Amino acid sequence: MSYVAIKGGKAAIDGAAAATDYMRCKNAVDEPIKLSVIEDQLRLLTSRVVSEGGLYHPKLAALALKQFQGDTLEAAFALRAYRSTKPRLLETPLQDTSNMRCIRRISSAFKDIPGGQMLGATFDYALRLLRLDLANEDPAAFRVVAKNFLRNTPEADLPDSFPKVLDALRAEGLLPPLGLMQDPAFDITRDPLVFPVPRSAALATMARAETGSLLAMAYSNMRGYGDVHPTVAELRVGYLPVMLPHPVTGELMEAGEVLMTECEVVAMYESGNAGDMPVFTLGYGACFGHNEVKAISMAILDRALQKGMRDGPDNPSEDPEFVLLHVDGVDSMGFASHYKMPHYVTFQSDMDRLRTTQGKVRKSGETA
Amino acid sequence: MNIPRNDWPRALCQLNATEIKAVAATLSGDIDVRDVVLPQAGLGLLSLTDGAFHEPFYLGEIPVARAEVILKTAEGHEVQGGCVLVDDRAQLARSIAILDAVLSGKLPGCDVAENLVEKGELLRMQKISERRQILAATRVDFSLLEQEDDEDAE
């Protein structure tokens, strides 16, 4: 492969930057979008960027979305670039997601789960019909929506957190045992993936994977290139309190909270070693922000990859190398985008070789 | 105030940073403030146990700001304060560390700091209450069709 440095074009590149900003601002009657508007009104978009950027910073994610005019791949790229300029101060102690302060919690395995099911804010049961009234939304009406919701909803005496559905299944002996692997977690931001990789590397890679890529891989498994057949034991969205040691007392204190989505799937049961009781298999998905499709896809792929790591892959979605090296949005977007950059030397070389080959064919045709 | 020390930062974080910085600056105006370590802002690696097998993995990174100070009063009394936040504002962490020292050492002006903590805690409780309202409004009791009362026939 041969690349060549190019020069020239500075004025055009500066012009491209100005033109890009012109496109953002050309309608002079519009107001500039406030970051809080992106963060709140486009919360699911912001969620995508925090998870795919691998950095929980909703405000900077909103800024990146504004700067890159809604391009989630570029916004995630900018967030990764930002994080690379920051020092790492600490690694948190292990956080327990059973402490999550849920805003949504459902199970498709059981209709009755300890603590109850709460749909939360979801489009799950909504008709996919355009709400044309939002096209010209009245600001006054907009401002009272939240107020009315809170006024019309009674106060509820609910706990801060809820037990996990899997705990009940495990207590019945229907699940595999806990915690066989206690190796330190793999840090994908510091170490390259060299296969075979531990499960912690797979989980971390998928947690910041591009949603569409992860969904496509998981969908291939769902449609038949795999045999996971999952049931969502629990899907929860909520705020995880981040517990860090107090600098003076050393005791754990709540330093903040992180919105995250978590999904545990139960899949086809298996027998382990001969004589062992068969138990359900499990998959786990989690990501920053509110992104249910991503968490479910990740859980399915986790289960598929466990099989692939143990028995060898039978399908693409069970192949750790195939899955983990192709789901990162920044990596794949970068590769696709690089084809737009000047490849004049390589293409000249291709043309030279083609002309030479054609000449040889022509010559052999003449002599035949 | 019944709020324990470890919960002061999460309460104060609910308030406007400008207000916290202003109160911290006022309360430490006549006190010698020494940084044990320079206030820092950077990242933390968020370490979780997965919900299926309870194995450790990293979900991603979070912004982290931390500060640790020693306040020395005119009488020579020294009190240590500290703070660590999921936030990228080092000076905010320093201001909260100052308030932490004022409160834990019961230094002059600690009543003002207490009011601030209580005000923040009120906002935090309000936020929690709003989240609970979302849950309460959407609590669902699915039932199988054959088990359901014959509501549709009414």
Side-chain angles (χ1 to χ4, degrees), chain A residues 54-57 83 86-97 101-103 111 116-121 150 153-156 158 164 166 178-181 184-185 187 189 199-200 203-204 207-208 242 244 246-249 251 253-258 260 262 264 282-284 286 288, chain B residues 4-10 13 36-37 40-68 80-88 97 100-101 104 127-144:
Chain A
L55 173 64
Y56 187 78
H57 202 315
R83 68 152 288 282
K86 294 289 164 191
R88 178 171 295 165
L89 302 185
L90 54 86
E91 180 183 325
T92 71
L94 278 174
Q95 309 288 314
D96 182 356
T97 58
R101 295 167 184 144
C102 295
I103 55 171
K111 65 183 185 65
Q117 297 201 45
M118 270 81 68
L119 298 182
L150 294 174
T153 308
E155 293 280 335
L158 291 168
K164 289 282 188 98
L166 286 191
L178 281 178
L180 297 175
M181 208 289 290
D187 182 2
T189 68
R199 179 166 171 260
S200 63
L203 292 176
R208 69 174 199 175
V242 178
L244 294 175
H246 190 287
V248 178
T249 67
E251 292 170 17
M253 52 156 272
E254 186 179 327
E257 52 179 18
V258 163
M260 65 174 288
E262 188 180 42
E264 283 129 12
L282 295 172
Y284 178 76
F288 284 143
Chain B
R5 182 177 191 177
N6 288 343
D7 293 342
W8 296 341
R10 74 177 186 184
C13 278
V36 178
V37 287
Q40 288 177 300
L43 302 176
L45 198 55
L46 185 64
S47 182
L48 290 188
T49 45
D50 89 90
F53 298 100
H54 295 199
E55 292 174 354
F57 81 103
Y58 298 122
L59 185 68
E61 288 170 304
I62 51 174
V64 171
R66 68 180 174 198
E68 201 176 338
Q80 205 166 347
C83 172
V84 56
L85 300 175
V86 177
D87 200 290
D88 58 4
D100 181 59
S104 65
K127 196 189 276 183
I128 286 176
S129 162
E130 288 171 10
R131 289 178 191 163
R132 284 179 181 160
Q133 281 182 276
I134 293 176
L135 292 179
T138 60
R139 185 185 274 279
V140 62
D141 186 12
F142 290 117
S143 55
L144 304 180

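Reminder, nothing fancy here: chain letters follow the sequence lines and each chain counts from 1. Since this is a predicted model, take the numbers as computed values, not measurements.
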Side-chain touch B:R10/A:E257, heavy atoms, less than 4.5 angstrom: no
Indicate the atoms forming the closest heavy-atom contact of B:P63 with A:Y56, along with that distance. CD-O, 3.0 Å
Interatomic spacing from CZ in B:R5 to OG1 in A:T249 - rounded to 0.5 Å: 6.0 Å
Please flag which part of B:D87 lies under 4.5 Å from any non-hydrogen atom of chain A: side chain, backbone, both or neither. neither
Can you say whether B:A97 sits under 4.5 Å from chain A via the side chain, the backbone, both, or neither, judging by heavy atoms? neither
Interchain contact, B:E68 with chain A, by part (heavy-atom threshold 4.5 Å): side chain
Side chain, backbone, both or neither of B:A67 within contact of chain A (heavy atoms, under 4.5 Å): backbone
Once you round to the nearest 0.5 Å, how far does CG of A:D187 lie from OH of B:Y58? 6.0 Å
Interchain contact, A:L166 with chain B, by part (heavy-atom threshold 4.5 Å): side chain
Could you tell me the separation between the CE atom of A:M260 and the CG atom of B:L48, rounded to the nearest 0.5 Å? 5.0 Å
Yes or no on side-chain contact (heavy atoms from CB on, under 4.5 Å) for B:L59 and A:Q95, after CA distance, side-chain angles and deciding distance? CA-CA 10 Å; B:L59 185 68; A:Q95 309 288 314; over 6 Å; no
For A:A121 and B:I134 the tightest heavy-atom approach is N-CG2, 4.3 Å
A:L282 side, atom CG; B:D50 side, atom CG - distance, nearest 0.5 Å: 9.0 Å
Find the distance between CG (B:N6) and CD (A:E254) and round it off to the nearest 0.5 Å. 10.5 Å
When only pairs under 4.5 Å are counted, which of A:A204, A:G120, A:A207 shares the most heavy-atom pairs with chain B? A:G120
With a 4.5 angstrom heavy-atom cut-off, could you sort out which part of A:E91 is near chain B: side chain, backbone, both or neither? both
For B:L135, the side chain to side chain contact (heavy atoms under 4.5 Å, CB included) test, sequence neighbours excluded, returns A:M118, A:L158, A:F162
Minimal heavy-atom distance between A:L119 and B:F142, with the atoms involved, is CD2-CZ, 4.4 Å
Are any of the side-chain heavy atoms of B:D100 and A:H246 separated by less than 4.5 Å? yes
Can you name the nearest heavy-atom pair linking B:Q133 to A:T153, along with the distance? NE2-O, 2.6 Å
Heavy-atom distances under 4.5 Å only: say whether B:D141 touches chain A with side chain, backbone, both or neither. side chain
Between atom CG of A:L203 and atom CD of B:E55, what is the distance when rounded to the nearest 0.5 Å? 8.0 Å
Nearest heavy-atom approach of B:L43 to A:K86 is CG-CB, 3.7 Å
Chain B: which of A:G54, A:A156, A:G256 shares the most heavy-atom pairs with it under 4.5 Å? A:G54
Relative to chain B, which segment of A:R101 carries a heavy atom at a distance below 4.5 Å: side chain, backbone, both, or neither? side chain
